[in-house]
Amino acid sequence: MKILCHEELKLLVEILPKTGKSYSETVWMLSIVRGTLREEFHGFAYEFLVDAWPDFKVVVARSCGVWTEEMAIYENSYIIYYITDCLQEAEHFLAEKGVIKWECRAVMIKFKAIPVELYSTVCELAKAHHVSFESDTHVLVRLLVLDPGKVPDMPPPDDFKLEALRPEQHSMITSRWQYASFAPATYLKFLIENFPSSALISSTGEYVAHEVTTLGSMPTALYVCPEHRGKGYAKCVIVDLSKKLLRQGKIPFVFIVRDNNVSINLHLRCGFDLVKGQEFVFVRFQ
């Protein structure tokens, strides 16, 4: 096991895209590495572990340092990437002592998108370390990545405007977010303050649709008021936020629950591609 230094992370950015069958397969890990190098996470930190260097087969991003209250959702969290056809190497690396800090039970152990083929391995390791699986947090998702050449032109409808969200609106945004119970009350406020967002606002000042960005370049918390659904308003904010991220030199990507075909098809119409063979599990252990 090796923890990469700053200069080695720069080289990792060059190597990673060459290890997958496509750029899309590496986008999740790559966005976290780049965000770390650019110090975009505002004091929050990840360290990057590899099984070998520079000829690695597996990369694990592990949160480290002191995390403030609003970002506690990422404390003691892990992101895993391995080169295609190196599943066995990935299984062995995760089992190495010190890679996963199973002893840190005071804080929930969170896996942010385990490749689905590694899920049973992680569960077995957790059981061996007497760590319980939080069954209600098991979420199976699919990865979609934006193709910049497919982004449609999507201006706001007449009498509407597109603007960024403001921090003072975080309570409203949080009350509308279906996963608010899994995050601190100030989490979305932090995202609004530090990352791009988009909101569609009516002539009366009503926020009818909105979306924010989380760590890396991943849009999240998409919401459209029920009475305004089916009118193309979600597409407006998805496209607007995607263009903001593209202007920053980032490629947006999203994880969508596997059976949510409505959301998957919506993102396909906005220029995202479904990455074949890439399914993940979000899961927590205590």
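Hydrogens, waters and symmetry mates play no part in the numbers below; they use all other heavy atoms, side chains included.
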Do T19 and Y82 have a side chain donor and acceptor closer than 3.5 Å?
->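 No.
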Give the C-alpha distance, both sets of side-chain angles, the deciding distance and a yes or no for side-chain contact (heavy atoms from CB on, under 4.5 Å) between V13 and R34.
-> CA-CA 7 Å; V13 169; R34 284 176 169 160; 3.7 Å; yes
To check you understand the geometry: which heavy-atom pair defines the closest contact between [X] and [Y], and what is its length?
X	Y	result
M29	V59	CE-O, 3.5 Å
P167	K189	O-CG, 4.0 Å
F272	I238	CE1-CG2, 3.9 Å
C86	K57	SG-CD, 3.4 Å
I264	V257	CD1-O, 4.2 Å
K244	S198	NZ-CA, 4.2 Å

Side-chain touch [X]/[Y], heavy atoms, less than 4.5 angstrom:
X	Y	result
L215	Y46	yes
V50	V58	no
L246	V151	yes
L143	V145	yes
D159	S202	no
F48	V60	no
L188	I173	yes
L274	R142	yes

Begin with the C-alpha distance, continue with both residues' side-chain angles, and end with the deciding distance and a verdict on salt bridge (charged side-chain N to carboxylate O under 4.0 Å, His left out) for E103 and K101.
-> CA-CA 5 Å; E103 69 277 9; K101 295 184 177 180; over 6 Å; no
Tell me whether [X] shares a hydrophobic cluster with [Y], the cluster being built from Ile, Leu, Val, Met, Phe, Trp, Tyr side chains joined at under 4.5 Å.
X	Y	result
I251	L37	yes
L241	L144	no
L245	I192	no

Could you tell me whether [X] and [Y] have a side-chain N and a carboxylate O separated by less than 4.0 Å?
X	Y	answer
K150	D273	yes
K10	E8	no
R166	E193	no

Output the distance between atom [atom1] ([X]) and atom [atom2] ([Y]), rounded to the nearest 0.5 Å.
X	Y	atom1	atom2	answer
E91	E117	CD	CD	9.0 Å
K127	L125	NZ	CG	12.5 Å
C225	K231	SG	NZ	10.0 Å
H170	Y187	NE2	OH	13.5 Å
D240	L162	CG	CG	4.5 Å
L30	S24	CG	OG	11.0 Å

Yes or no on side-chain contact (heavy atoms from CB on, under 4.5 Å) for S203 and F160, after CA distance, side-chain angles and deciding distance?
-> CA-CA 6 Å; S203 58; F160 285 80; over 6 Å; no
Quick one: does [X]'s side chain have a donor or acceptor within less than 3.5 Å of a partner on [Y]'s backbone?
X	Y	result
S63	N76	yes
S197	L165	yes
T174	S171	no
S263	N260	no
R62	V99	yes
T213	P196	yes
K110	E75	yes
D51	F93	no
N265	N261	yes

Is there a side-chain contact (heavy atoms from CB on, under 4.5 Å) between E25 and T84 once you walk through the steps?
-> CA-CA 9 Å; E25 291 186 0; T84 304; 3.5 Å; yes
More than 12 non-hydrogen atoms from neighbouring residues, nucleotides or ligands closer than 6.0 Å to CD on E227, yes or no?
->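 Yes, CD of E227 has more than 12 neighbouring heavy atoms, counting only those of other groups under 6.0 Å.
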Would you call the rings of F111 and W102 parallel, tilted or perpendicular if under 30° counts as parallel and over 60° as perpendicular?
->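 The rings of F111 and W102 sit tilted, inter-plane angle from 30° to 60°.
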With under 30° as parallel and over 60° as perpendicular, where do the rings of Y233 and H228 fit, or are they tilted in between?
->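 Plane angle between 30° and 60°, so tilted.
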Compute both the distance and the angle, then confirm whether K112 meets the cation-pi test with Y78: under 6.0 Å from the six-membered ring centre, within 45 degrees of the axis.
->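 Pair K112/Y78 does not count as cation-pi.
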Steps toward side chain to side chain donor-acceptor pair (under 3.5 Å) verdict (T220, Y179) = CA-CA 10 Å; T220 190; Y179 297 114; over 6 Å; no
Residue from E163, R176, Q169 passing side-chain hydrogen bond (donor to acceptor under 3.5 Å, both in side chains) with Y207 =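 So the option named by the test is Q169.
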Centroid-centroid distance, W177 to Y223, less than 6.0 Å =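 So the answer is no for these two rings.
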What about the rings of F282 and F255, do their centers lie closer together than 6.0 Å?
->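 Between F255 and F282, which both carry aromatic rings, the centre distance is below 6.0 Å.
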side-chain contact (heavy atoms from CB on, under 4.5 Å) between H267 and I256, worked out = CA-CA 10 Å; H267 283 80; I256 299 177; 3.5 Å; yes
